[in-house]
Structures are given as C-alpha cells and as structure tokens.
Amino acid sequence: MIKAVRGTRDLLPPETALWNFVEAKAREVFRAYNFQEIRTPVFEETQLFARSVGEETDIVSKEMYTWEDRGRAQSDKGQSLTLRPENTAGVVRAYIEHKLWERGLQKLYYIGPQFRRERPQKGRYRQFYQIGAEVIGPPSAGSESPARDAEVLEMLATFLDRLGITGWTLELNSVGCPNDRALFNEALRKALEPVVAKMCVDCQRRAVTNPLRVFDCKIPEDQPIIDKLPRISQFLNQPCRQHFDEVQAILKATGIPFTLNDRLVRGLDYYTRTAFEFTHGGLGAQNAILGGGRYDGLSESLGGPQAPGIGFAIGEDRLVMSLPQSANAVAPQPDVYIAPLGAGMNREAARLARELRGEDIVTELGDESFRLKKSLETASKMGARFALIVGENEVKAGSFALKNLASGEQTSAPRAELARMIRNSVIASRVQIAPENK
RNA sequence: GUGGGAGUAGCUCAACUGGCAGAGCACCGGACUGUGGCUCCGGACGUUGUGGGUUCGAUUCCCAUCUCCCACCCCA
C-alpha cells in the first residue's frame, strides 16, 4: 500500500472544517488591520533562502528540500531550487521584484504549506502550514516605527482570543542591531570560557557553535551559571533600547499582556530588534504556536532598497491543536435528504435537488434503488434535518412528503412551497462548524 | 541526525510461558414491499506494518526495515 510519506499527512473531513474556520478567522481579523493577501511560489531559488535565513542555520544547512532543476537543453545545467522552508524570504523577494515600495507601506499576509526535512514528532511535520504576515516598506512610510511592532502583536493577541484560545503567553525580547549582537556574542563567549566546563554537554557544544542558544538550556543545574551570563539587554544601543521601550509602552496602553524574556533568541539570521513568541501549554516540547520579529536589514541583504519590516509565522498545525475542546470538529449536516422511491424517480428527484440547491439549501440525493427504510436511515445518520420523499404518489398528486427527522413530524407540500418551508425552519438552526467565541 | 516506546478488523483494544486471531463500536442485510432512531436475528470483516530468521508450530522469540508517538537537536 502506498502511504503518505513520512512527516506528511492527510487532513480529512470533518477536521478540515476546523482548518477552514481558523483560516477564515485569520482573514477576518487581519482584514480589520488592513492586511491583504499575498501568494508566493512554494519553491524558489535556493540562494534566496541561503542568503536570508542564513547559511549556518539548521534550516538551510540540513533541513531543506533542494534539487537541481533541468536546464533548457538536456545537457544544460539547471538551477538549484528549494521548497520554501518559511515564507518571509519569498515575500521580501516579491517586494523587491515588484518594486512594492512604490506603493507605500505593505501589510501582507499569507497562508500556505512550508517544508522542512526534520524528524517528525507531535506538532512538527515535514509539510506544515503557516499563517503569517509581514509589514514592510520604506522608512518614510513608518515601517521602522515601534507602533508597527505593537500593532502586529496586538493583532495576534486579538486573533488568538477570537479563536477562543486561552492560556497563551506573549514572550518578548529585543535582539538589537547586528552590531549590538556582535558585541554581545563576544562578551558571551568570554563569560562562558571559565564556566563552560561545568555545564552540560549540550551547552558545551552550543558555547562553540552558537553561544546564544545556551539560553535555551533546560537543565536545572546549569541555571545558576546561565543567570550570571551577560544579557542582550545590556548591549542594546540607545536607539534600539528606545524602540523596545516604546513597543512595550504601546502594548501596555492597549492592554496586551506580555512577559519580558531576555533569553528569547530567534533562530534565523535576519532578525533584528523586536523578537517574540506566543507559547501555549499542552503542546508538548513544541510549545511555540507562533514566532516572529523585526528584520530591518533583510531587504538590503537581498539586494533590495532599505525596507525595515516586522512579521510573524503561526504554526497552523499547532494552532489547531490548541483550539478549545468545544471546537471539536463536527461533520456539517445537510438540510434535506431527497429519497427517490421506485423506478424512474431519480429523474424527478434530480430536478427537485437542482431547485433546492439553487436556493442554497444543502441537499443530499439518495437513489431510487434504496428502500424507503434505508433512505430514512441514511438521512438521519448523516444528520439531515428533513427527508423529502419522491415517489409515484407524490408525483401524481404534485405534492411531496416532507419529514422532519428530529420530530418525526411529516407534512405534504407542493413543489413550489418546498424551498421556503425547508429554509424557514432550517437556516436559523444550522449547526455551526465551530463555536463563536466572545 | 541521536536515544526510548508502540504498531493486531474502519475505530478503541484483548489474545497466559510459543499452540485454531477475538470483543465492543462502526458497517451490510433481514425481522418490517412507502417511513429512520429502539430491539432482536444474521453477515462480512485480517498478508497481526513489511521482509527475513529460529521452531513441528510465531501476534508472541531474534534480525532488518517502514511508520507513528515521546524526548534531544532545532523550530512554527
């Protein structure tokens, strides 16, 4: 049997309804902040990711799906292509390619699959889905303002609240300018030198490869040592510090709760200044539902104009896992099930179905070969509100039997009346795909 | 990439020390020729993840492999 490949999965109904609910809510909330959708290709030139995400990151160094495309002629060498491991690079590439800076501040969101070749585990897949957004533009359009950071964070808080997700935490930090980080990195290396021998093996490795990651250590014995290490906050220059202070001030003004976490470091090279993560318990080791930050130098490093930006990516798979229990996927139910009864009745049933569907009534159609008992059984099993019986008697009389499957009540009505009768009692009480959260 | 756990019917799970692969739910049919839910009766259900090995005999023991789960690494 051929199965979905490792780390990929099928999303089946009724769970897909949950995904649609989440995506519809995202579009609705993002729209209120005047974001518009962008769709970029799922694969790009490998160079794009190498130059933006960072050559040395795990993503680029070992997790990308990369292949060499065929050239024009058989003998031609093709270019190296890669399935996107994240979407910010693609958006910034499009920003540069289409000269979007000519249109002022860009507020763009995307929804789509991303690909990383990692070992799968709960909340981590090789094809996973991200809902993300970017605010990017020339500095003259206000793209660098801390107001943009706060606006994005507030939008995320609103989005999670509107999904009914409770118990999230916003963790906030500033990783400063590249220059601040270089100084900090050096200080960190120096501070680690005398103590690293006493730390866990992972930390000893991190101290060499990526000292920042030492702060991620969860070993209790190492914590006293880590607590004494220098913090990035001590190395922020004046503009970076002011920027960060203002982000916090606006968040307080808008009533968005956050926790400062000066151990929060982001994995990708392009991040500057504001870095954040929304975490949620009950997700296991992968407790981050979303992460993001500012990337003021990204456009230039890709050969574009100066275009500061801030963005985030939500792990949709993880988001769906953190939905409240009340949002359990329920199979949507048809309004009416048409039961053709006896030879030749499929034709009349098809005409009726077409009429009802034309009135936006969700209609399921049985088959004339079914016995009535089976039709009714099928109808109630799928949760239909009504069964419409289409037999010879009805066709002769020009009046059809309409049975309310919940009450058992049965009436008879001419075809012209059917749509109205069904709609009246059905539309208001259609089962919601997921609960409205106040 | 590393370490650990688990794979038996569509689903949830049994099967003692190696001795005929089972139950509940779901599914299909009938009791009931045009009236569902309840009840009763019957039916179908399997390459025990896959491939090898040991054995008279393997779901059970051994090896390999695949997938999922947990953790690490890292990230969404």
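In what follows, chains carry the letters A, B, and so on, assigned in the order in which the sequence lines appear, proteins first and then strands, with residues in each chain numbered from 1.
- Of all heavy-atom pairs spanning A:E86 and A:Q114, the tightest one is C-OE1, 3.4 Å.
- Taking atom C1' in both B:rG43 and B:rA26, the straight-line distance is 14 Å, to the nearest Å.
- Between the CE atom of A:M64 and the C1' atom of B:rC75 there is a distance of 15 Å, rounded to whole Å.
- Between A:F159 and A:W168, the distance from one ring center to the other does not fall under 6.0 angstrom.
- Within the 4.0 angstrom heavy-atom criterion, no nucleotide atom of any strand lies near A:A379.
- A salt bridge links A:E28 to A:K25: one of the charged nitrogens lies within less than 4.0 Å of a carboxylate oxygen.
- Looking at residues two or more places apart in sequence or on another chain, you find no side chain to side chain donor-acceptor pair (under 3.5 Å) involving A:R126.
- Remark: A:F115 pairs with no residue by the ring pair (Phe, Tyr, Trp, His ring centres under 6.0 Å) rule, at least two apart or across chains.
- Comparing B:rA44 with B:rG24, their P atoms sit 15 Å apart, to the nearest whole Å.
- For A:E134 and A:T88, the side-chain atoms include at least one donor-acceptor pair closer than 3.5 Å.
- Taking the P atoms as reference points, B:rC27 lies 41 Å from B:rU65, given to the whole Å.
- Straight-line distance between the C1' atoms of B:rC11 and B:rU2: roughly 34 Å, to the nearest whole Å.
- Between A:R318 and B:rA76 there is no side-chain N or O to OP1 or OP2 distance below 4.0 Å.
- Residue A:E86 is out of contact with every strand shown, counting any heavy-atom pair closer than 4.0 Å.
- Ion pairing between A:R357 and A:E359 fails under the 4.0 Å rule for side-chain N and carboxylate O.
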Between A:Y109 and A:F30, is a ring-ring contact (aromatic ring centres under 6.0 Å, His included) present by the stated rule, with each step listed?
-> CA-CA 8 Å; A:Y109 76 87; A:F30 295 177; 5.5 Å; yes
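- One P atom belongs to B:rC61, the other to B:rG7, and the distance between them is 10 Å to the nearest Å.
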Dot-bracket for RNA chain B: what is it, with Watson-Crick or G-U pairs under 3.5 Å, [ ] where a pair crosses earlier ones, and | for a pair to another strand?
-> (((((((..((((.....[..)))).(((((.......))))).....(((((..]....))))))))))))....
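- Residue A:E56 contributes atom CD, which lies 15 Å from atom C1' of B:rC74 at whole-angstrom precision.
- Going from atom CZ of A:F276 over to atom P of B:rC75 covers 15 Å, rounded to whole Å.
- A:Y125 comes within 4.0 angstrom of a nucleotide base, judged by non-hydrogen atoms across all strands.
- Residue contacts shown for A:G132 are absent, as no nucleic acid heavy atom lies under 4.0 Å away.
- Screening residues 371-405 of chain A for ring pair (Phe, Tyr, Trp, His ring centres under 6.0 Å) gives no qualifying pairs among residues at least two apart or on separate chains.
- The C1' atoms of B:rU17 and B:rC28 are separated by 41 Å, rounded to the nearest whole Å.
- Regarding contacts with the backbone of B:rA76, every side-chain N or O of A:Q114 stays at 4.0 angstrom or more from both OP1 and OP2.
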With the sugar-phosphate defined as primed atoms, P, OP1 and OP2, and the base as all remaining atoms, what B/S/- string results for nucleotides 32-40 of chain B, 5' to 3', for protein heavy atoms under 4.0 Å?
-> SSBBBB---
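- In this structure, A:K381 places its NZ atom 8 Å from P of B:rG29, rounding to the nearest Å.
- The side chain of A:K122 contributes no N or O atom lying less than 4.0 Å from OP1 or OP2 of B:rC68.
- One can place CZ of A:R84 at 15 Å from P of B:rA76, the figure rounded to the nearest angstrom.
- A donor-acceptor contact under 3.5 angstrom links the side-chain atoms of A:R124 to the base of B:rC74.
- Atom CD of A:E277 is separated from atom P of B:rC75 by 9 Å (rounded to the nearest Å).
- To the nearest angstrom, C1' of B:rA76 lies 13 Å from CD of A:Q121.
- Ion pairing between a basic and an acidic side chain is recognised when a charged N comes within 4.0 Å of a carboxylate O; A:D317 and A:R9 show such pairing.
- Atom CZ in A:F115 sits roughly 16 Å away from atom P in B:rA76 (whole-Å rounding).
- Residues A:A150 and A:I250 share a closest heavy-atom pair of CB-CG2, 3.5 Å.
- Heavy atoms of A:G383 sit nowhere under 4.0 angstrom from any nucleic acid atom.
- The side chain to side chain contact (heavy atoms under 4.5 Å, CB included) check on A:E409 picks up A:N404, A:S407, with sequence neighbours excluded.
- Counting only heavy atoms from C-beta on, A:R119 has its side chain closest to B:rG4 among B:rG4, B:rC75, B:rC73.
- RNA chain B is contacted by both A:F128 and A:R6; A:R6 maps to the nucleotide lying nearer its 5′ end (nearest heavy atom per residue).
- The shortest distance between the side-chain N/O atoms of A:R117 and the OP1/OP2 oxygens of B:rG1 is below 4.0 Å.
- Look at the P atom in both B:rG22 and B:rG5: the space between them is 30 Å, to the nearest Å.
- For the C1' atoms, the distance linking B:rC45 with B:rG29 amounts to 14 Å, nearest Å.
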